[in-house]
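Down below is the structure, laid out as structure tokens.
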Amino acid sequence: MTYPVTRLRRLRKTETIRNLVRENRLSGDDLVMPLFVRSGSNVKKAISSMPGNYQLSVDLLVEKCSELEKMGVQAVLLFGIPEEKDETGEIACQEDGIVQQAIRALKKEIPNLYLIADVCNCEYTTHGHCGTIIDGDVDNDVTLNTLSKQSLSLARAGVDMVAPSDMMDGRVKHIRQSLDREGYHGIPIMSYAAKYSSAFYGPFREAAESAPQFGNRATYQMDPANSREAMREIEMDITEGADIVMVKPALSYLDIITRVKQNINVPVAAYNVSGEFSMVKAAAQKGWIDEKRLVSELLTSMKRAGADIIISYHTQEIIKDL
Ligand code: PBG
């Protein structure tokens, strides 16, 4: 049947009918807010490239999280900025590491807030790379040890989920085995499975003080030109025991999200990364776009593409309107 019998505008006539036929809806239940924690007390250091985001000391992080929880935010993703860095990231494996301290304090004050910890070495190494450098490049198999140790110490601190973002081969298996060996069978792994080597991470590297001091991350993160390789990464991580797989960044990779969703039966997360957030903020500050509508449209496009979970710095601002 075609025009004039078929008229698609019939179902767009009023807000009510549009509501009735809407295919995808954003929900606060799907959103995760990333947060940055650093040492000290009463510290709130603005991240200039990400307006509205701060590095917070543990006391202020707890305050922030109770505010978020009251607004309906159920889950946060934690990144740490340590006081000192070292060559391998061992510093992130200590019982009193900055994220471990944050987890203990948050679990005590806000036990129902779901805590996800990013697992990686780049915030903790002097050179800013995601693992141990041998012969001028990150050594895959040596790095697996620090990643597993970091995951274990986060588990001991009481984290609900770990999210390795390093892109080493075999890390999901290594981390799963280490967690299970100590009885942490119940802690899921959300792997940054298809993580691209992206210019969209620029603002985050200011936020987490994790910019590589030489070279780039192209020897471990994925080439933005590849899509079949993303499926190999995803399949490999699921085989190794990933409970949730992530595609990152989100916006330039909606095709990857859809491809993963259509071919794989585990939940799919999309990371609406720092550069995607900051571009929106910059345009809004110039008065060039309607920020609220744009954010809603962007996050809805991630849902439409197939994301079950969306990690976004817009979470706090948008959740009020959902
Ligand atoms: C750590 C990590 C990064 C991000 C999340 N975990 C940075 C990177 O890989 O350089 C990026 C997040 C963002 O841009 O919002 N490896």
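Excluded from the calculations below are hydrogen atoms, water molecules and symmetry mates; all remaining heavy atoms, backbone and side chain alike, are included. All ligand and atom numbering here is 1-based and tracks the order in the structure.
Per-residue contacts place C122 under 4.0 angstrom from the following atoms of ligand 1 (heavy atoms of the residue considered): 1 (C), 16 (N). Those atoms of ligand 1 with a heavy atom of Y313 less than 4.0 angstrom away are 12 (C), 13 (C), 15 (O). The distance from ligand 1 to the heavy atoms of S165 drops below 4.0 Å at these ligand atoms: 1 (C), 2 (C), 6 (N), 16 (N). Remark: ligand 1 atoms within the under-4.0 Å shell around heavy atoms of F79 are 5 (C), 6 (N).
Under the 3.5 Å distance criterion, with hydrogens and angles disregarded, a donor-acceptor pair is assigned to the side chains of T219 and D137.
Within the structure, salt bridge (charged side-chain N to carboxylate O under 4.0 Å, His left out) contacts touching residues 10-21 (residues at least two apart or in different chains) are E15-R18.
Note on ring orientation: taking the six-membered ring where Trp is involved, the planes of F36 and Y313 are parallel (angle under 30°, cut-offs 30° and 60°).
The cationic group of K44 lies under 6.0 Å from the six-membered ring centre of Y54 and within 45° of the ring axis, placing it in a cation-pi geometry.
Alongside L20, the hydrophobic cluster contains L11, I17, V21 (criterion: ILVMFWY side chains under 4.5 Å).
Within the set V119, N53, L77, D118, the minimum heavy-atom distance to atom 6 (N) of ligand 1 is found for D118. With distances taken over non-hydrogen atoms, the option nearest atom 7 (C) of ligand 1 out of F277, Y220, F200, F204 is F204.
By the 4.0 Å heavy-atom criterion, E276 is excluded from the residues contacting ligand 1. Ligand 1 lies less than 4.0 angstrom from a heavy atom belonging to K248. Within the 4.0 Å heavy-atom cutoff, Y271 counts among the residues contacting ligand 1.
Remark: minimum distance from atom 14 (O) of ligand 1 to any protein heavy atom is reached at S274 OG, 2.7 Å. Atom 9 (O) of ligand 1 has its closest protein heavy atom at K195 NZ, 2.7 Å.
By the 4.5 Å heavy-atom criterion applied to side chains, V37 and Q55 are not counted as neighbours. Looking at heavy atoms from C-beta onward, L31 lies in side-chain contact with L322 at the 4.5 angstrom threshold. Residues V260 and I256 are in side-chain contact: their nearest non-hydrogen atoms beyond the backbone lie under 4.5 Å apart.
Polar contact check, E123 against ligand 1: no nitrogen or oxygen pair lies under 3.5 Å apart.
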